[in-house]
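These numbers come from the heavy atoms of this one structure, side chains and all, not from hydrogens, waters or symmetry mates.
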Amino acid sequence: MDEFSLIDRFWKPLGDAITRSEVIEGIGNDGAVVRCPPGQNQVVTMDTLLEGVHFPRNMPPHALGWRALAVNLSDLAAMGAEPLCFTLSVTLPEASESWLAAFADGIGALAVQENIQLVGGDTTRGPLSITIQAQGLLPDGSAVRRGSAQVGDRICVSGTLGEAGEALNWLDAADAPAPAVSAMLERYRYPQPRLALGQWLREAGACAVDVSDGLLADLGHLLVDRGACVDWQALPVSPELVSLRGADGARRLAASAGDDYELLYTWPLDAPAPSGPNGGTLPQTVIGTVTQEAGVTLLGPDGRINIAEQGYTHFGAHHG
Ligand code: ADP
Ligand code: MG
């Protein structure tokens, strides 16, 4: 299959699956033409997924397609934006039709779910690598930013953490793994970008980041020149993760592992606790407080857990 039949067979139908009124010219020209509605600004973000670096060899193509779009949508969510359109650069060692069909289906499933239109891209031969550049819309004058937290603000996180990190231990699991293991793998393969929450946080004036590198690392990105005191026992973990790792092991993953794509945000102390959008269907957990001094303190039941000295593999061994 040459490059052009590949575009006609896979990318054009994917672009046609969603019709946004802002898209004037989609796939088929030398560039796309997209209108920005009056009173709105465009948010632009990009992420590359490289085989062997960001995902394992032989990752199922349907999940890879979903995930490639999901990590970009998660950045739009963290900005409080509404998805608009995206471009897709695919580098492939060979044009396998079954692989491409499943990959395109995986992207399409999430694109339809979030109403984001594919408007162009590039297709080249080489080591497997996927780059998506996504665009979203924000009302003029608004954005969810990092680094404007006040000392004393609550620190909150959506959903549960640590499951995608645990999934890395099970990528070679048998075809029909135990239900708890399946739940971990699902979380890793099909991250759900928290778009409704991001827009809700924007309206509330919160500052936020998405948890892609791990809670402790991303807390540093969120707070910039402030610090945090985090309650070890408040870290939200799923019963499935606890069943596999125990409460303490689950919290260790929740603190350090990445790839969960929840939103981490600050919330004023004098406001009612955050409910999140849609009547609070996604749990929102207060995990700590913004402090004046920089750095993150983790407080366990027996006192301070020193991450810097104990590192990822050891900290928390006597806690929980
Ligand atoms: P050009 O030679 O001008 O770069 P191409 O021949 O590469 O254009 O692409 C033709 C059309 O197909 C363009 O509209 C381009 O955006 C689109 N396209 C190519 N690859 C992809 C892809 N992976 N996903 C979506 N659209 C693509
Ligand atoms: Mg051209």
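Interatomic distance, F55 CZ to R67 CZ, rounded to the nearest 0.5 Å: 9.5 Å. With values rounded to the nearest 0.5 angstrom, D75 atom CG is found 5.0 Å from D47 atom CG. Of the inter-residue distances, the one linking I24 atom CD1 with N29 atom CG reads 12.0 Å to the nearest 0.5 angstrom. The distance from atom CD of Q233 to atom CG of D231, rounded to the nearest 0.5 Å, is 6.5 Å. Residue T123 holds its OG1 atom at 11.0 Å from CZ of F10, rounded to the nearest 0.5 Å. Atom CG of L264 and atom CD1 of I287 lie 5.5 Å apart (nearest 0.5 Å).
Side-chain contact between D218 and L216 is absent, with no heavy atoms from C-beta onward closer than 4.5 Å. Side-chain contact between T297 and R304 is present, with heavy atoms from C-beta onward closer than 4.5 Å. No side-chain heavy atom of S212 sits under 4.5 Å from any side-chain heavy atom of D259. Using a 4.5 Å heavy-atom threshold, the side chains of E51 and S129 count as separate. Between P139 and R202, some side-chain heavy-atom pair lies under the 4.5 Å cut-off. Contact check for D210 versus R194: no side-chain heavy atoms found under the 4.5 Å cut-off. In this structure, the side chains of T45 and N72 come closer than 4.5 Å at one or more pairs of heavy atoms. For the pair L73 and F86, the minimum side-chain heavy-atom distance is 4.5 Å or more.
Follow the hydrophobic side-chain contacts under 4.5 Å out from V296 and you reach L161 in the same cluster. At a threshold of 4.5 Å between side-chain heavy atoms, the hydrophobic network of Ile, Leu, Val, Met, Phe, Trp and Tyr places L195 and I107 in one connected group. V23 and L118 fall into different hydrophobic clusters, where Ile, Leu, Val, Met, Phe, Trp and Tyr are joined by side-chain heavy atoms under 4.5 Å apart, directly or via other members. Linking ILVMFWY side-chain heavy atoms closer than 4.5 Å, directly or via other members, places L222 and V286 in two distinct hydrophobic clusters. V119 and W11 are not part of a single hydrophobic cluster, where members link through side-chain heavy atoms under 4.5 Å apart.
Ion pair E82/R20 flagged as a salt bridge, since at least one NZ, NE, NH1 or NH2 atom sits closer than 4.0 Å to an Asp/Glu carboxylate oxygen. E94 has no carboxylate O lying under 4.0 Å from a charged side-chain N of R125, or vice versa, which leaves the two without a salt bridge.
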Practice task
Would you please test E262 and S158 for side-chain hydrogen bond (donor to acceptor under 3.5 Å, both in side chains) and show each step?
Solution key: CA-CA 6 Å; E262 294 295 348; S158 61; 2.5 Å; yes
Practice task
Output, in order, the C-alpha distance, side-chain angles, deciding distance and verdict of side chain to side chain contact (heavy atoms under 4.5 Å, CB included) for N169 and E166.
Solution key: CA-CA 6 Å; N169 298 319; E166 173 65 3; 3.0 Å; yes
Practice task
Output, in order, the C-alpha distance, side-chain angles, deciding distance and verdict of side chain to side chain contact (heavy atoms under 4.5 Å, CB included) for L244 and V181.
Solution key: CA-CA 8 Å; L244 292 168; V181 172; 4.0 Å; yes
Practice task
Given side-chain hydrogen bond (donor to acceptor under 3.5 Å, both in side chains), test Q150 with D153 step by step and report yes or no.
Solution key: CA-CA 6 Å; Q150 303 293 310; D153 280 356; 5.8 Å; no
Handout entry: Evaluation steps, side chain to side chain contact (heavy atoms under 4.5 Å, CB included), between V290 and L223
Key = CA-CA 8 Å; V290 177; L223 299 171; 3.9 Å; yes
Practice task
Run the numbers on Q113 and Q192 for side-chain hydrogen bond (donor to acceptor under 3.5 Å, both in side chains), then give the verdict.
Solution key: CA-CA 10 Å; Q113 177 182 300; Q192 290 290 340; 3.0 Å; yes
Practice task
List the steps, then state whether side-chain hydrogen bond (donor to acceptor under 3.5 Å, both in side chains) holds for S5 with D2.
Solution key: CA-CA 6 Å; S5 41; D2 69 16; 2.8 Å; yes
Exercise for the section: Start with the C-alpha distance between T266 and C156, add both sets of side-chain angles, then the distance that settles side chain to side chain contact (heavy atoms under 4.5 Å, CB included), and finish with yes or no. Expected result: CA-CA 6 Å; T266 57; C156 306; over 6 Å; no
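In this structure, L14 and A104 approach most closely via the heavy-atom pair CD1-O, 3.5 Å.
Applying the under-4.5 Å side-chain rule to Ile, Leu, Val, Met, Phe, Trp and Tyr, the cluster around W267 extends to L197, W200, L201, L263, Y265, L282. Chaining together hydrophobic side chains whose heavy atoms lie under 4.5 Å apart places L50 alongside V53.
At least one donor-acceptor pair under 3.5 Å links the side chain of S243 to the backbone N or O of E240. Formation of a donor-acceptor pair under 3.5 Å by the R187 side chain with backbone atoms of D260 is found in this model.
Environment of CG in N58: sparse, with no more than 12 heavy atoms of neighbouring residues, nucleotides or ligands closer than 6.0 Å. Other residues, nucleotides and ligands contribute only 12 or fewer heavy atoms inside 6.0 Å of the CG atom of D172.
Evaluated for a side chain to side chain contact (heavy atoms under 4.5 Å, CB included) with V230, the options L299, I305, L298 yield exactly one hit, L298.
Y261 pairs by the ring-ring contact (aromatic ring centres under 6.0 Å, His included) definition with nothing, not counting sequence neighbours.
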